[in-house]
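Remarks on the structure that follows.
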2 protein chains.
Amino acid sequence: MGKLEAYVRKGERVTIRDVALGAGVSVATASKALNEQGRMTVETRERVQRVAQRLGFRPNAMARALVAQRSFTLGLLTNDTYGRFTLPVVAGLSAAMADRGVSVFLCAVEDDPERVRLNLNAMEDKRVDGLVIAGKRIDRALPIALPPQRMPVVYVNAACPPQGVGFVPDDDGGAYAAVTHLLGLGRRRVTHVSGPRDFEAVGLREQGWRRALDEAGLPVPKAALFGSWSEGFGYETGHALMRTPRAADRPDAVFCGNDQIARGLIDALMHLGVRVPDDVAVVGFDNWEIFAQATRPPLTTVDMELKELGSQAGLTLLDMIDGKPVTEGLQRRPCRLAVRQSCGGQAR
Amino acid sequence: MGKLEAYVRKGERVTIRDVALGAGVSVATASKALNEQGRMTVETRERVQRVAQRLGFRPNAMARALVAQRSFTLGLLTNDTYGRFTLPVVAGLSAAMADRGVSVFLCAVEDDPERVRLNLNAMEDKRVDGLVIAGKRIDRALPIALPPQRMPVVYVNAACPPQGVGFVPDDDGGAYAAVTHLLGLGRRRVTHVSGPRDFEAVGLREQGWRRALDEAGLPVPKAALFGSWSEGFGYETGHALMRTPRAADRPDAVFCGNDQIARGLIDALMHLGVRVPDDVAVVGFDNWEIFAQATRPPLTTVDMELKELGSQAGLTLLDMIDGKPVTEGLQRRPCRLAVRQSCGGQAR
DNA sequence: CTTACTTGAGAAAACGTTTTCTCATCGATG
DNA sequence: CATCGATGAGAAAACGTTTTCTCAAGTAAG
């Protein structure tokens with residue numbers, strides 16, 4: 001068994017033929033030995049496996065895919081080029097897929113139908129087994145005309161057609177948890193400051209906020225304040241809130257629609273000498289670490305568990321590919337409250 | 001030609017056989033017709049193409065790859081899971097590749113050699129034509145033992161072995177441009193506040209800063225200040241700088257090692273009533289839009305052109321795959337100064 | 001009317017696997 | 001000793017392309 005390497009042609013990759021030759025068996029037997037299929041002596045099986053090992057044989061996934069009619073490959077199409085939402089999703093997705101031998105093609109497209117088409121064609125040509133379509137808001141679809149060959153598709157953070165399968169964070173539930181947490185800490189006048197009203201997520205988060213207040217029997221302090229997703233809006237609103245004439249009417253807590261607003265709001269409170277969390281507790285939404293950690297004090301915020309969302313989407317897609325039944329429609333997956341200091345400690 | 005669709009088996013994908021059958025030619029002829037190869041009547045060629053068109057034929061890239069020994073597929077391996085640096089790189093890369101029919105597998109790995117191995121094996125099995133290895137700092141390699149089959153590799157924002165090919169931003173040049181810009185606006189006492197000293201990028205940016213001052217015949221006002229890449233450090237340092245006893249010794253401009261430091265520093269100056277840019281101009285590094293836009297005033301900062309870096313890396317990789325000669329070693333690509341308001345206008 | 005090219009098109013091999021047959025061989029059974 | 005079922009292993013087809021031959025028919029030249 002010394003000159004085994006003689007069987008592989010110089011510079012060429014090791015194929016199953018080389019293994020078969022080296023082990024003195026046919027290609028068919030080699031294949032069966034390596035895949036633990038078919039009948040043969042343990043001696044033969046092990047010999048083949050030893051040879052494959054020594055030669056560093058790695059089966060060509062494309063040849064395999066050709067006969068199996070399955071590429072073990074997924075496509076991820078996203079229009080979230082900044083990646084703030086999609087990045088954790090793809091991290092979760094590709095980690096879960098890697099464990100199952102599935103690889104993921106990444107296609108980042110602006111909302112340009114031309115490029116969408118281009119990438120979709122590439123995916124189709126490469127015979128991906130399925131497609132994840134990831135967006136940045138739950139009420140917008142991507143400008144996608146899916147290829148005629150129906151291929152399993154899962155949507156994440158994007159609008160999803162009637163019969164489709166999709167995953168989004170449970171905005172309502174996340175908001176409810178955040179506000180409930182504040183109430184549990186003794187806060188009673190919880191205001192909500194959020195993004196533009198035409199985002200469905202804004203409506204859902206407001207709804208969760210209202211629901212928590214209602215269930216606690218508390219009046220809704222004043223209508224929620226809607227603006228833009230920016231720090232600037234948070235800053236202005238922070239000032240505006242503190243201009244409320246009677247101190248007793250001012251909030252003792254603010255639930256913000258995202259972390260940027262929360263950050264701006266906290267900055268404003270600091271400027272005004274209002275202490276966070278002592279005078280006013282603040283909770284954000286997104287758990288965008290870079291913001292949540294950088295605020296003073298560090299921000300308590302709702303984590304959308306995007307990684308989890310990504311891996312769920314991937315696993316569901318695999319089930320669809322395998323023809324297993326999956327629950328149809330949009331699924332809202334639970335959020336998690338990341339508790340830091342901006343909401344005040346338990347000890348209150 | 002009415003019932004052409006009869007040639008494709010129900011539910012199956014259209015293959016070149018279906019096209020051949022439909023056009024009444026052999027598979028070989030069909031292939032040649034579609035690829036504009038070989039000799040045949042224009043009539044035949046066009047007929048085949050028409051049929052392919054009507055049937056929506058898309059050649060199976062894997063079958064193609066098998067014979068061409070080329071998968072038109074790349075792998076991107078990165079340990080920058082947060083994605084701040086890698087995301088623009090992959091955007092640039094995959095856009096440039098999509099135009100050339102090349103798809104990109106994304107592998108996000110923590111620095112866990114186990115998972116690196118797993119992903120690398122997957123890439124090898126899928127027969128990617130080449131690999132881009134992207135990191136988050138230019139002086140650290142990824143824990144990668146490349147597969148024995150030598151496969152073209154390009155490094156981006158990562159340390160690169162002796163004979164390797166790599167691309168990084170020109171930190172020195174970027175810093176030089178930033179400081180020169182400040183000097184051009186009349187600033188004379190430009191301090192440098194940056195990240196931890198053991199980052200090579202920190203040394204290079206300091207060097208560019210020094211060089212600009214030297215060439216202008218200005219004394220280096222005081223040693224650069226090194227700390228962490230955080231807003232917190234910028235904030236503290238902003239305060240510290242303004243505590244300098246003699247006002248004439250205080251800087252009239254600060255060149256920061258990244259945008260977070262710049263942001264913290266600007267916040268501190270604001271608190272102290274120091275006007276930016278009137279009293280002190282500030283320039284950052286990274287052009288991390290979300291920070292650069294959110295500072296008041298918006299931050300002038302050095303853009304590392306990461307998208308460009310990504311597309312360059314991809315194109316170079318393609319050249320290597322094609323066996324074309326490429327320049328060996330690390331290439332430092334130019335940065336671009338993104339001028340906003342924090343450095344003061346031309347009108348000074 | 002041969003001969004010699006040119007031209008259009010198909011047959012078949014190749015790429016690297018998996019899988020379904022088929023076929024010896026062997027030990028056991030009658 | 002003939003028969004039978006089990007066992008180990010290989011031949012060949014299939015997956016969907018591309019490419020290299022080969023070949024017949026047509027055309028121009030002698």
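In what follows, chains are A, B, ... by sequence order, proteins preceding strands, each numbered from 1.
- Applying a 4.0 Å cut-off to non-hydrogen atoms, the residues of residues 67-75 of chain B that approach DNA chain D are B:Val67, listed by residue number.
- Rounded to whole Å, atom C1' of D:dC15 lies 9 Å from atom CG of B:Leu66.
- No side-chain heavy atom of A:Asn121 sits under 4.5 Å from any side-chain heavy atom of A:Leu118.
- Side-chain atoms of A:Thr78 come within 3.5 Å of backbone atoms of A:Ala134 as a donor-acceptor pair (strictly under, hydrogens ignored).
- Whole-Å rounding puts the B:Ile16 CD1 to D:dT19 P distance at 11 Å.
- One finds a salt bridge joining A:Arg115 and B:Asp99 here, because a Lys/Arg side-chain nitrogen approaches an Asp/Glu carboxylate oxygen to under 4.0 Å.
- Rounded to an integer number of Å, the gap from CZ of B:Arg58 to C1' of D:dG16 is 15 Å.
- The nearest whole Å value for the distance from the CG atom in A:Asn35 to the P atom in C:dT17 is 10 Å.
- Atom CD in A:Gln37 sits about 13 Å away from atom C1' in C:dT17, given to the nearest Å.
- Closest non-hydrogen pair, A:Pro59 versus A:Arg64, comes out as CG-NH1, 3.5 Å.
- Within the structure, every side-chain polar atom (N or O) of B:Ser31 is placed at least 4.0 Å from both OP1 and OP2 of D:dT17.
- A 4.5 Å side-chain heavy-atom check between A:Leu34 and A:Val48 finds at least one atom pair inside the cut-off.
- For the pair B:Met62 CE and D:dA14 P, the computed distance is 19 Å after rounding to whole Å.
- Applying side-chain contact (heavy atoms from CB on, under 4.5 Å) to B:Phe167 and the options B:Asn157, B:Thr316, B:Leu330 leaves one that passes, B:Thr316.
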Evaluate A:Phe105 against B:Phe105 for ring pair (Phe, Tyr, Trp, His ring centres under 6.0 Å), listing each step before the verdict. CA-CA 4 Å; A:Phe105 283 121; B:Phe105 283 121; 4.0 Å; yes

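- Taking atom CG on B:Asp125 and atom C1' on C:dG16, their separation rounds to 13 Å, with Å as the unit.
- Atom CD in B:Glu36 sits roughly 16 Å away from atom C1' in D:dT19 (whole-Å rounding).
- No donor-acceptor distance shorter than 3.5 angstrom exists from the side chain of B:Lys136 to the backbone of B:Arg84, with no hydrogens or angles considered.
- No side-chain donor-acceptor contact under 3.5 Å links A:Asp322 to the backbone of A:Asp319.
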Summarise protein proximity over nucleotides 4-13 of chain C in one line of letters, 5' to 3': B for base, S for sugar-phosphate only, - for none, counting protein heavy atoms closer than 4.0 Å. ---BBSBBB-

